[in-house]
*Asks:* 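I have a structure here, written as structure tokens, and I will follow up with some questions on it.
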Amino acid sequence: FAFAGRNKQDKKNASMLTASSDGEGMVRFHVPRGVYTATAIKSGLATQEITFGFTNQNKAITFYMEPGATIRGYVVDDQQRPLQSVKVSVLETPLSTLTNNEGWFSLKGLSTIETDLNDLVFAHEEYRTKMLDDVVVPNDPITITLDERCDLHGMITDKQGKHIGHAVVELSRTSERLAGRYDLIKQARIEDGEYSIRADTGEHVLRISALPYPPHFKAVVIGEGDKSKEYDIQLTEGSRLYGGLHLSNGEALSGMRLGVRQDSRYWDHPFSQFTLTDAEGDWSLENLGDGSYTLYAASPGVGEVWRDII
């Protein structure tokens with residue numbers, strides 16, 4: 001019996017706590033004040049959800065669990081061929097199953113009434129994700145048709161037009177979990193400088209990495225009817241950033257750690273690069289792309305230095 005509590009005051013940065021009930025059906029949490037949604041989940045029983053406000057006082061909440069409904073059906077492609085290994089899940093719960101070789105699925109534990117706890121998701125890496133909101137479980141099996149994902153492809157070259165075969169191409173998709181940034185989905189296949197990847201409907205970003213070039217980002221929008229899209233990428237060499245670190249009396253600071261950081265609206269983790277100063281206090285950072293950076297340096301006994309550069 002899993003119990004989840006979430007502070008709903010800030011959905012994008014909401015905290016999620018989980019625990020299991022004991023032999024007497026009790027579960028306890030110690031949480032700060034706020035507004036929470038508590039969800040009780042047990043296989044075979046209908047998922048229950050309660051939203052409540054919590055102050056500094058102890059609060060008891062009781063769930064009355066009922067037998068859950070079972071939804072059954074088939075998942076097929078647009079040619080009515082059965083699709084195996086499609087993940088069928090209830091959104092924001094651990095309830096899920098996979099279709100068999102005949103495309104058949106059976107999922108227990110859904111609510112018996114129309115509710116947002118019955119949002120079904122059908123997902124497969126080669127097909128577009130489909131979602132059914134507020135499902136009322138029918139008596140008869142349902143049939144779900146999934147469309148193939150868009151074929152996203154193109155060539156990666158340098159400014160002379162030479163193919164770059166050692167690049168890493170990553171596809172991401174917009175994510176509420178990252179407050180509008182992007183979640184990594186998968187990497188593309190690369191052959192003789194040509195990449196190919198299957199993309200779902202929605203807003204995406206391609207990130208191309210290939211030394212000695214700086215990372216390159218390309219925004220991509222895949223529409224419902226898009227079967228194929230081509231985006232050729234040209235990589236250009238980055239710039240060299242260099243300088244020296246010295247005390248006010250002119251003494252060189254050798255062996256000092258120095259780096260640059262660039263926040264990205266496309267990726268969860270900011271781009272960063274580091275180096276150490278040499279015996280004369282000189283340093284150099286190679287292959288930086290265009291944009292704004294924060295330069296910083298730190299050393300024990302000396303302190304920190306921060307500077308914004310473009």
*Asks:* Going by salt bridge (charged side-chain N to carboxylate O under 4.0 Å, His left out), name the residues that satisfy it together with E280, two or more places apart in sequence or in a different chain.
*Replies:* none
*Asks:* Suppose we screen for salt bridge (charged side-chain N to carboxylate O under 4.0 Å, His left out). Which residues come up paired with D151, at least two apart in sequence or across chains?
*Replies:* none
*Asks:* Which salt bridge (charged side-chain N to carboxylate O under 4.0 Å, His left out) pairs, counting each pair once, include a residue from residues 76-85, with sequence neighbours left out?
*Replies:* D77-R81
*Asks:* With sequence neighbours excluded, give me every ring-ring contact (aromatic ring centres under 6.0 Å, His included) pair touching residues 222-251.
*Replies:*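 Qualifying pairs: none.
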*Asks:* Give me the other members of the hydrophobic cluster that V76 sits in, counting Ile, Leu, Val, Met, Phe, Trp and Tyr linked by side-chain heavy atoms under 4.5 Å, directly or via other members.
*Replies:* none
*Asks:* Tell me, which pairs form a salt bridge (charged side-chain N to carboxylate O under 4.0 Å, His left out) where one or both residues lie in residues 234-247, sequence neighbours left out?
*Replies:* R240-E286
*Asks:* Residues in side-chain contact (heavy atoms from CB on, under 4.5 Å) with L235, at least two apart?
*Replies:*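 Residues passing side-chain contact (heavy atoms from CB on, under 4.5 Å) with L235: I156, I164, I208, A210, Y213, H216, I233.
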*Asks:* Supply the members, apart from W104, of the Ile/Leu/Val/Met/Phe/Trp/Tyr cluster built from side-chain contacts under 4.5 Å; use none for a lone residue.
*Replies:* Y74
*Asks:* Can you name the residues that form a salt bridge (charged side-chain N to carboxylate O under 4.0 Å, His left out) with R128, not counting sequence neighbours?
*Replies:* none
*Asks:* Which residue pairs pass the side-chain hydrogen bond (donor to acceptor under 3.5 Å, both in side chains) test with at least one member in residues 155-169, sequence neighbours excluded?
*Replies:* none
*Asks:* Sequence neighbours excluded, which residues qualify as side-chain contact (heavy atoms from CB on, under 4.5 Å) partners of S254?
*Replies:*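 Partners of S254 under the side-chain contact (heavy atoms from CB on, under 4.5 Å) test: none.
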*Asks:* Heavy atoms, side chains only, cut-off 4.5 Å: are F274 and R257 in contact?
*Replies:*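 They are in side-chain contact.
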*Asks:* Show every ring-ring contact (aromatic ring centres under 6.0 Å, His included) that has at least one partner inside residues 123-160, sequence neighbours left out.
*Replies:* H124-Y127
